[in-house]
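Worksheet: one structure, shown below.
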Amino acid sequence: MSDFILARVSETLAKDHSLESLVRQLLEMLETVTEMESTYLTQIDDDARMQHIVYSRNSKQLAIPEGFAVPWGESLCKRALDDGCAFSNDVASRWPDCKAAKALGITTYLSTPVHLADGSLYGTLCAGQYRVKAAQPSRPARAAPVCRADCPVH
């Protein structure tokens with residue numbers, strides 16, 4: 001799996017150097033290693049107290065739209081960060097008051113914070129699934145190298 005990911009990153013870096021291209025490749029790799037149907041990168045606007053979906057990749061039933069915004073305090077990502085919960089396969093029970101998760105149909109969720117070089121929180125890198133996905137011990141371990149990538153986000 002890691003050889004496949006390394007080859008895809010090398011291929012992307014060789015032909016395109018845009019942030020968007022790199023992020024879209026990262027989302028595809030995250031989908032591959034997590035086997036989740038939607039992957040997305042968010043940005044948190046502290047001043048407006050909003051979280052925005054900047055880039056998303058949707059391959060099946062669950063569709064997380066680019067440009068979707070939710071108040072940061074009401075977001076699934078904030079709840080996961082506050083709870084220290086990077087993975088849940090029962091979102092409805094864990095965070096029953098999360099309207100965005102209900103509206104989008106997220107039942108299984110994986111998230112990690114994305115920090116800038118100065119340590120400030122930029123947003124989150126997430127994966128979601130419409131159907132419940134059983135937790136597998138190897139899945140978080142496989143996703144960790146992708147989720148912990150040092151993204152050149154500005």
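This structure is a prediction, so every number in the text was calculated from the model and none was measured.
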When you compare the side chain of [Y] with that of [X], does any pair of heavy atoms fall below 4.5 Å?
X: Ile53; Y: Thr42; result: yes
X: Asp97; Y: Arg79; result: yes
X: Tyr122; Y: Pro113; result: no
X: Pro71; Y: Met50; result: yes
X: Phe68; Y: Leu104; result: yes

Which atom names give the shortest non-hydrogen contact between [X] and [Y], and what distance separates them?
X: Leu76; Y: Ala101; answer: CD2-CB, 4.1 Å
X: Gly73; Y: Lys78; answer: CA-CD, 4.0 Å
X: Leu62; Y: Gly128; answer: CD2-C, 3.4 Å
X: Ser111; Y: Thr124; answer: OG-CB, 3.9 Å
X: Leu41; Y: Val23; answer: CD2-CG1, 3.9 Å
X: Trp95; Y: Ala80; answer: CZ2-CA, 3.7 Å

*Do Leu125 and Val33 sit in the same hydrophobic cluster, where Ile, Leu, Val, Met, Phe, Trp and Tyr count as joined when their side-chain heavy atoms come under 4.5 Å apart?*
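Cluster IDs for Leu125 and Val33 match.
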*Applying the 4.5 Å side-chain criterion to the ILVMFWY set and letting contacts propagate, would Val114 and Leu116 be lumped into a single cluster?*
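Same cluster: Val114 reaches Leu116 through Ile, Leu, Val, Met, Phe, Trp or Tyr contacts under 4.5 Å.
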Hey, does the side chain of [X] reach the backbone of [Y] with a donor-acceptor pair shorter than 3.5 angstrom?
X: Gln51; Y: Val70; answer: no
X: Thr34; Y: Leu30; answer: yes
X: Ser56; Y: Ile64; answer: yes
X: Thr39; Y: Leu27; answer: yes
X: Ser59; Y: Glu37; answer: yes

Going from [atom1] on [X] to [atom2] on [Y], what distance comes out if it is rounded to the nearest 0.5 angstrom?
X: Ser88; Y: Ile106; atom1: OG; atom2: CD1; answer: 11.0 Å
X: Trp72; Y: Asp46; atom1: CH2; atom2: CG; answer: 8.5 Å
X: Leu110; Y: Thr108; atom1: CG; atom2: OG1; answer: 10.0 Å
X: Leu26; Y: Arg57; atom1: CG; atom2: CZ; answer: 11.5 Å

_Residues Glu20, Arg24: salt bridge by 4.0 Å N-O rule_ =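 Salt bridge flag = yes for Arg24 with Glu20.
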*Please check if atom OH in Tyr130 has more than 12 non-hydrogen atoms from other residues, nucleotides or ligands closer than 6.0 Å.*
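Result for OH/Tyr130: open.
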*I would like to know whether Ser38 and Tyr40 meet side-chain hydrogen bond (donor to acceptor under 3.5 Å, both in side chains); could you show each step before the answer?*
CA-CA 7 Å; Ser38 286; Tyr40 52 100; over 6 Å; no
